Peer 1: 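Structure below; questions to follow.
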Amino acid sequence: MQFKTAGVIGAGAWGTALAQVAGWAGLDVLLQAREPEVVESIHARRVNEAFLPGIVLDDHVSVTADLADLGACDLILAVPPAQHMRSTLAAFAAHHRPGVPVVLCSKGIERGSLKLMTEVLAETLPDAPAAVLSGPSFAAEVARGLPSAVTLACADEALGEELMWTLSAPGFRPYLATDLIGAEVGGAIKNVLAIACGMSEGRGLGRSAHAALITRGFAEMTRMGVALGGQAETVAGLCGLGDLVLTCSSPQSRNMSLGLALGQGQTVEQALAGKRSVAEGYESAPAVRELAAKMGVDMPISLAVAALLNGETTVAAVIDNLLSRPLKVERH
């Protein structure tokens with residue numbers, strides 16, 4: 001299959017950046033936006049002022065408000081917030097042509113069902129070959145053409161290789177994998193762990209504590225990935241460890257900035273006030289906690305973040321509880 005056109009569902013910062021990449025890769029791209037002001041801004045000025053200001057979009061990118069317009073595309077990139085993936089794909093189902101691949105580009109675990117995005121896709125668009133794109137990539141940097149590398153996971157290796165070459169562009173380098181579960185788990189859990197790292201930063205606990213949180217958080221991520229049937233090697237790659245390091249190391253991350261505000265004494269409500277973009281870690285933390293209990297996976301950092309976000313504890317108590325845990329042998 002040769003891909004010539006791509007539809008991007010969701011015109012937030014990441015969806016817009018991926019539309020830019022696909023345009024640079026030579027595809028004719030149709031970006032779907034729910035917000036009328038985004039459609040108007042791109043039509044009038046070639047810029048998504050609401051979510052990615054200052055970035056002029058490639059001439060190959062056009063915009064629409066209507067999901068139905070994406071039905072003619074050869075390839076779909078699905079980029080709505082994870083908690084809206086099911087409703088978005090269900091709305092698109094009537095327009096999807098069987099066999100057209102869907103690349104899932106949102107990171108999270110669905111609340112209630114505790115399902116990964118590939119499972120949501122299988123239930124809403126059962127005739128869509130699935131792929132997952134995940135890795136260390138800030139939208140503004142990708143959209144400016146700065147170098148980045150990501151994992152592109154697809155169970156069908158031949159399709160995955162074609163997608164890899166189709167979506168590669170100057171500065172944007174996908175690496176192929178076949179383990180969709182491992183690719184998804186890393187992207188979902190790193191957002192929760194980034195909140196913990198932000199809290200540590202906000203409390204001034206130092207770089208040693210920050211490094212310890214990343215490393216022990218990676219152990220949690222790996223345990224869950226393997227428990228769900230993924231491969232530890234995948235989680236150790238760009239979509240897991242790579243994304244974890246990036247998201248936990250810069251206030252550009254919405255999740256780390258949320259944790260930073262909490263560590264500095266703000267309430268959850270204050271930290272989230274006025275934010276237009278979603279902090280996926282906030283949305284996914286309750287699902288991660290439930291999934292850890294269901295699978296019997298030890299995830300003390302993730303569970304502590306979920307408890308804090310739910311108002312069950314304080315930042316000081318979280319730190320004390322993590323530091324007072326029994327000593328143990330280091331293993332994943």
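Residue numbers run from 1 in the order of the sequence given. Note that the structure is a prediction, hence the values are computed from the model and not measured.
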Peer 1: Between Asp69 (side chain) and Thr64 (backbone), is there a donor-acceptor pair under 3.5 Å?
Peer 2: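 Judged by distance alone, no pair lies under 3.5 Å.
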Peer 1: Taking Glu119 for its side chain and Leu116 for its backbone only, find out whether a donor-acceptor pair lies under 3.5 Å.
Peer 2: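 Checking the backbone N and O of Leu116 against the side chain of Glu119, a donor-acceptor pair under 3.5 Å is found.
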Peer 1: Given side-chain contact (heavy atoms from CB on, under 4.5 Å), test Leu262 with Val268 step by step and report yes or no.
Peer 2: CA-CA 7 Å; Leu262 296 174; Val268 174; 3.9 Å; yes
Peer 1: Measuring only between side-chain heavy atoms, which start at C-beta, is Pro101 closer than 4.5 Å to Leu159?
Peer 2: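 The answer is yes; the side chains approach within 4.5 Å.
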Peer 1: Please name the residue in the list Ile76, Asp127, Asp74 that meets the side chain to side chain contact (heavy atoms under 4.5 Å, CB included) test with Arg97.
Peer 2: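 The residue from Ile76, Asp127, Asp74 that satisfies side chain to side chain contact (heavy atoms under 4.5 Å, CB included) with Arg97 turns out to be Asp74.
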Peer 1: Keeping Asn255 on the side-chain end and Ala194 on the backbone end, is there a donor-acceptor pair under 3.5 Å?
Peer 2: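 Such a contact is absent between Asn255 side chain and Ala194 backbone.
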Peer 1: Compare all side-chain heavy atoms of Asn191 with those of Ile195 and state whether any distance is below 4.5 angstrom.
Peer 2: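 In short, these two side chains do not touch, never coming nearer than 4.5 Å.
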Peer 1: Tell me every residue that passes side-chain contact (heavy atoms from CB on, under 4.5 Å) with Thr178, counting only those two or more places apart in sequence or in another chain.
Peer 2: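 Counting only residues at least two positions away or on another chain, Thr178 forms a side-chain contact (heavy atoms from CB on, under 4.5 Å) with Glu157.
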Peer 1: Is there a path of hydrophobic side-chain contacts, each under 4.5 Å between heavy atoms, that joins Val79 and Leu75?
Peer 2: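 In one cluster: yes.
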Peer 1: Grouping I, L, V, M, F, W and Y whenever their side-chain heavy atoms are under 4.5 Å apart, do Val142 and Val61 come out in a common cluster?
Peer 2: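 In one cluster: yes.
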Peer 1: Running the 4.5 Å side-chain criterion over Ile, Leu, Val, Met, Phe, Trp and Tyr, what cluster does Val226 land in, apart from itself?
Peer 2: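 Reading the cluster by chain and number, Val226 sits alone, since nothing else belongs.
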Peer 1: Give a yes or no answer on whether the side chain of Glu161 reaches the backbone of Leu176 with a donor-acceptor pair at less than 3.5 Å.
Peer 2: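 No, Glu161 side chain to Leu176 backbone: no donor-acceptor pair under 3.5 Å.
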Peer 1: Quick check for you: to the nearest 0.5 Å, what is the distance between Glu37 atom CD and Phe51 atom CZ?
Peer 2: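 Rounded to the nearest 0.5 Å, the CD-CZ separation comes out at 7.0 Å.
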Peer 1: For residues Ala33 and Val38, report the shortest heavy-atom separation together with the two atoms involved.
Peer 2: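 Here Ala33 and Val38 meet closest at CB-CG1, 3.7 Å.
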Peer 1: Are Val8 and Phe138 connected in a single hydrophobic cluster, I mean Ile/Leu/Val/Met/Phe/Trp/Tyr linked by side-chain heavy atoms less than 4.5 Å apart?
Peer 2: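 Unlinked, Phe138 and Val8 end up in two clusters.
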Peer 1: In chain order, what residues pass the side-chain contact (heavy atoms from CB on, under 4.5 Å) check against Leu125, with sequence neighbours excluded?
Peer 2: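 Leu89, Phe92, Ala93, His96, Val102, Leu121, Ala128.
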Peer 1: Does some side-chain heavy atom of Gln231 sit less than 4.5 Å from a side-chain heavy atom of Val235?
Peer 2: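 Val235 does not reach Gln231 side chain to side chain.
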Peer 1: Are any of the side-chain heavy atoms of Leu77 and Leu133 separated by less than 4.5 Å?
Peer 2: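 No, every pair of side-chain atoms sits at 4.5 Å or beyond.
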Peer 1: When you compare the side chain of Ile214 with that of Ser249, does any pair of heavy atoms fall below 4.5 Å?
Peer 2: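 When only atoms from C-beta onward are counted, Ile214 and Ser249 do touch, with a gap below 4.5 Å.
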Peer 1: Report the residues that fulfil side chain to side chain donor-acceptor pair (under 3.5 Å) with Thr88, sequence neighbours left out, ordered by chain and then residue number.
Peer 2: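 Counting only residues at least two positions away or on another chain, Thr88 forms no side chain to side chain donor-acceptor pair (under 3.5 Å).
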Peer 1: Measuring from Met164:CE to Leu167:CG, what's the distance to the nearest 0.5 Å?
Peer 2: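 It comes to 10.5 Å.
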Peer 1: Contact between Ile55 and Arg144 at the side-chain level, heavy atoms closer than 4.5 Å - yes or no?
Peer 2: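 In contact.
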Peer 1: Answer yes if Ile319 and Met256 sit in the same cluster of Ile, Leu, Val, Met, Phe, Trp and Tyr residues linked by side chain heavy atoms under 4.5 Å apart, and no otherwise.
Peer 2: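 Looking at the clustering, Met256 is in a separate group from Ile319.
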Peer 1: Would you compute the distance between atom OG of Ser257 and atom CD of Gln252 and round it to the nearest 0.5 angstrom?
Peer 2: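 It is 10.5 Å, given to the nearest 0.5 Å.
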Peer 1: Please enumerate all residues that pass side chain to side chain donor-acceptor pair (under 3.5 Å) together with Arg173, with sequence neighbours excluded.
Peer 2: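 Arg173 satisfies side chain to side chain donor-acceptor pair (under 3.5 Å) with Tyr175 only.
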Peer 1: Under the criterion side-chain contact (heavy atoms from CB on, under 4.5 Å), I'd like the reasoning laid out for Glu110 against Met117: C-alpha separation, chi angles, the key distance, then a yes or no.
Peer 2: CA-CA 7 Å; Glu110 188 177 46; Met117 297 300 101; 4.3 Å; yes
Peer 1: Go through the steps to decide whether Leu193 and Phe218 satisfy the test side-chain contact (heavy atoms from CB on, under 4.5 Å), and finish with yes or no.
Peer 2: CA-CA 9 Å; Leu193 297 168; Phe218 176 61; over 6 Å; no
Peer 1: Membership question, hydrophobic clusters at under 4.5 Å side-chain separation (ILVMFWY): are Tyr282 and Leu260 in the same one?
Peer 2: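 No, no single cluster joins them.
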Peer 1: Donor-acceptor pairs under 3.5 angstrom involving side-chain atoms of residues 290-308: please list them, not counting sequence neighbours.
Peer 2:
unit_1 : atom_1 : unit_2 : atom_2 : d
Asp298 : OD2    : Arg325 : NH2    : 3.4
Ser302 : OG     : Glu220 : OE1    : 2.8

Peer 1: Compare all side-chain heavy atoms of Glu280 with those of Lys107 and state whether any distance is below 4.5 angstrom.
Peer 2: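 Not in contact.
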Peer 1: Ignoring hydrogens, what is the shortest heavy-atom contact between Val150 and Ser137? Give both atom names and the distance.
Peer 2: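 Looking at all heavy atoms of both residues, the shortest contact is CG1-OG, 4.1 Å.
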Peer 1: When rounded to the nearest 0.5 angstrom, what is the spacing between CD1 in Ile109 and CG in Leu228?
Peer 2: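 The distance works out to 7.5 Å.
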Peer 1: Taking all non-hydrogen atoms of both residues, which atom of Ser106 and which atom of Ala82 are closest, and how far apart?
Peer 2: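 That would be CB-N, 4.2 Å.
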Peer 1: Suppose the criterion is salt bridge (charged side-chain N to carboxylate O under 4.0 Å, His left out): which pairs have a residue in residues 181-206, not counting sequence neighbours?
Peer 2: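 As it turns out, the salt bridge (charged side-chain N to carboxylate O under 4.0 Å, His left out) pairs with a partner in residues 181-206, which skip direct neighbours, are Lys190-Asp243, Glu201-Arg207.
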Peer 1: Look at the side chain of Thr222 and the backbone N and O of Ala232, then say whether any donor-acceptor pair between them is shorter than 3.5 Å.
Peer 2: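 No: the side chain of Thr222 does not pair with the backbone of Ala232.
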Peer 1: Counting N and O atoms only, with roles assigned by atom type, does the side chain of Thr151 sit under 3.5 Å from a partner on the main chain of Cys239, one being a donor and the other an acceptor?
Peer 2: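 Yes; judged by distance alone, with no hydrogens or angles, the pair exists.
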Peer 1: Might you point out which heavy atoms bring Leu309 and Ala285 nearest each other, and give the distance in Å?
Peer 2: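 Answer, listing the atom of Leu309 first, then Ala285: CD1-CB, 3.8 Å.
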Peer 1: For Thr314, what residues pass the side chain to side chain donor-acceptor pair (under 3.5 Å) criterion, not counting sequence neighbours?
Peer 2: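 Thr314: no side chain to side chain donor-acceptor pair (under 3.5 Å) contacts found.
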Peer 1: Under the side chain to side chain contact (heavy atoms under 4.5 Å, CB included) test against Leu213, which residue among Cys197, Cys248, Ser208 passes?
Peer 2: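 The option that passes is Cys197.
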Peer 1: Can you find a heavy atom in the side chain of Ser113 that is under 4.5 Å from one in the side chain of Glu123?
Peer 2: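 In short, these two side chains do not touch, never coming nearer than 4.5 Å.
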Peer 1: In Å, rounded to the nearest 0.5 Å, how long is the span from CG of Leu52 to CG of Leu57?
Peer 2: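 The CG atom of Leu57 is 7.5 Å from CG of Leu52, to the nearest 0.5 Å.
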Peer 1: Applying side chain to side chain donor-acceptor pair (under 3.5 Å), can you list everything that pairs with Ser253, at least two apart in sequence or on another chain?
Peer 2: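 Expected list: none.
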Peer 1: Take Met221 and Leu241 through the side-chain contact (heavy atoms from CB on, under 4.5 Å) test and state the conclusion after the steps.
Peer 2: CA-CA 9 Å; Met221 178 189 293; Leu241 180 59; over 6 Å; no
Peer 1: Thr247 side chain to Leu244 main-chain N or O, any donor-acceptor pair under 3.5 Å?
Peer 2: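 Pair absent, no side-chain N/O of Thr247 close to backbone of Leu244.
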Peer 1: Would you mind listing every salt bridge (charged side-chain N to carboxylate O under 4.0 Å, His left out) that reaches into residues 14-28, with sequence neighbours excluded?
Peer 2: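 Checked against salt bridge (charged side-chain N to carboxylate O under 4.0 Å, His left out) - neighbours excluded - no pair reaches residues 14-28.
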Peer 1: Is it the case that the side chain of Ser62 and the backbone of Leu30 share a donor-acceptor pair, with hydrogens and angles ignored and the cut-off at 3.5 Å?
Peer 2: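 Here the side-chain-to-backbone pair does not exist.
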Peer 1: Which residue pairs pass the salt bridge (charged side-chain N to carboxylate O under 4.0 Å, His left out) test when at least one of the two sits in residues 246-268, sequence neighbours left out?
Peer 2: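 Pairs touching residues 246-268 that pass the test: none.
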Peer 1: Give the table of side-chain donor-acceptor pairs shorter than 3.5 Å for residues 12-25, with sequence neighbours excluded, one pair per line with atom names and distance.
Peer 2:
unit_1 : atom_1 : unit_2 : atom_2 : d
Trp14  : NE1    : Cys105 : O      : 3.2
Thr16  : OG1    : Ala11  : O      : 3.3
Thr16  : OG1    : Gly12  : O      : 2.7
Thr16  : OG1    : Asn48  : ND2    : 2.9
Gln20  : OE1    : Asp58  : N      : 2.7
Gln20  : NE2    : Val56  : O      : 3.1
Gln20  : NE2    : Ala143 : O      : 3.4

Peer 1: Give a yes or no answer on whether the side chain of Asn310 reaches the backbone of Glu312 with a donor-acceptor pair at less than 3.5 Å.
Peer 2: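 Not a single qualifying donor-acceptor pair exists.
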Peer 1: Please name the pair of heavy atoms, one in Ala131 and one in Leu152, separated by the smallest distance, quoted to 0.1 Å.
Peer 2: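 So the two residues come closest at CB-CD2, 4.2 Å.
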